[in-house]
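Report on the structure given below.
We count ligands from 1, going down the list as the structure has it; atoms in each ligand are counted the same way.
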Amino acid sequence: MFITLEGPEGSGKTSHIPHLVEFLREKGYTVFPTREPGGTSISEQIRDVLHDMKNAEMHPRTETLLYQAARAQIVEQVVKPRLADGEIVISDRYYDSTIAYQGYGHQQNLDDIRALVKYATGGLTPDLTILLDLDVEVGLGRKKSNNEWNRLDAYTVEFHRRVRAGYLEMVKADPKRWAVVNSEQAWESVQAELRDVILARLTKK
Ligand code: TMP
């Protein structure tokens with residue numbers, strides 16, 4: 001089972017995933033967490049280029065292609081082999097981030113972006129994608145106060161609003177794959193909802 005977590009900046013995905021992994025392992029599942037961009041030596045090197053504040057001149061097409069390069073590597077090196085072994089892979093972001101940020105955020109042609117992500121992933125689609133949704137300004141405020149600012153966070157608030165709206169459109173278009181959790185709730189409530197959503201999917205006949 002391939003599960004992905006998505007969301008605008010500051011949605012808290014990264015803090016929730018280790019606790020979800022521990023919870024599922026206690027239930028007897030074999031779980032492997034990954035993150036994008038990153039998760040392999042090559043992909044982590046690409047991540048550094050993408051997020052470096054000194055690369056402010058990066059063109060949106062360069063950015064789009066670098067995310068796909070990092071993704072192709074982790075899909076082939078990590079995700080597909082683990083899924084083939086019957087493991088649960090939980091990824092902190094996957095191709096929906098490209099559709100939201102590089103597609104809706106940068107207002108690039110969505111059909112072109114979808115074709116690119118299909119090429120990068122070889123067509124591998126998640127079984128379940130959870131959107132951790134929250135107000136864009138609340139999320140950016142969280143990141144700033146945690147000192148986690150990267151090159152993309154510095155894009156305009158309008159960019160980040162388009163990202164969130166893009167996610168909500170994707171949810172509407174494919175409600176079977178997506179679930180939405182409100183991440184403005186207390187951390188414990190968000191974690192509890194995430195566990196419920198995942199367990200419901202894992203035990204679904
Ligand atoms: P994060 O680790 O804080 O979630 O940072 C990842 C950043 O990269 C975040 O700003 C979203 C961005 N991103 C894209 O723009 N496109 C993508 O395809 C991926 C995976 C991430």
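Counting heavy atoms closer than 4.0 Å to ligand 1, residue Q102 contributes side-chain atoms (C-beta onward) but none from N, CA, C or O. Residue contacts with ligand 1, taken as heavy atom pairs separated by less than 4.0 Å, involve T98 via backbone and side-chain atoms alike. Heavy atoms of E63 found under 4.0 angstrom from ligand 1: none, in either backbone or side chain.
Nearest to atom 7 (C) of ligand 1 among the protein's heavy atoms is H51 NE2, 3.4 Å. Here the heavy atom of the protein found nearest to atom 20 (C) of ligand 1 is R71 NH2, 3.4 Å.
When the options E6, K143, E9 are ranked by their closest heavy atom to atom 10 (O) of ligand 1, first place goes to E9. Of the candidates Y67, Y101, Y155, Y67 brings a heavy atom nearest to atom 8 (O) of ligand 1. Within the set R35, E36, R151, R93, the minimum heavy-atom distance to atom 1 (P) of ligand 1 is found for R93.
Between H160 and Y101, the two ring planes are perpendicular [angle over 60°; tilted spans 30° to 60°].
Between H106 and E63 the shortest side-chain heavy-atom distance falls below 4.5 Å. Under the 4.5 Å side-chain criterion, counting only non-hydrogen atoms from C-beta, R25 is not in contact with T30.
Near R47, the atoms of ligand 1 lying under 4.0 angstrom from a non-hydrogen atom of the residue are 2 (O). Which parts of ligand 1 touch L152 is read off a 4.0 Å heavy-atom cut-off, strictly below it: atoms 10 (O), 12 (C), 15 (O). Of all the atoms in ligand 1, the ones that sit under 4.0 Å from a non-hydrogen atom of K13 are 4 (O).
One hydrophobic cluster holds both I90 and V190 under the rule that ILVMFWY side chains link at heavy-atom gaps under 4.5 Å.
A ring-centre distance under 6.0 Å is not found for H51 and W149.
Within the model, atoms CD of E193 and NE2 of H16 stand 10.0 Å from one another, a figure rounded to the nearest 0.5 Å.
The side-chain tip of R82 points at the ring of F32 from less than 6.0 angstrom away and within 45° of straight on.
Under a 3.5 Å cut-off, the side chain of S43 and the backbone N or O of G39 do not form any donor-acceptor pair.
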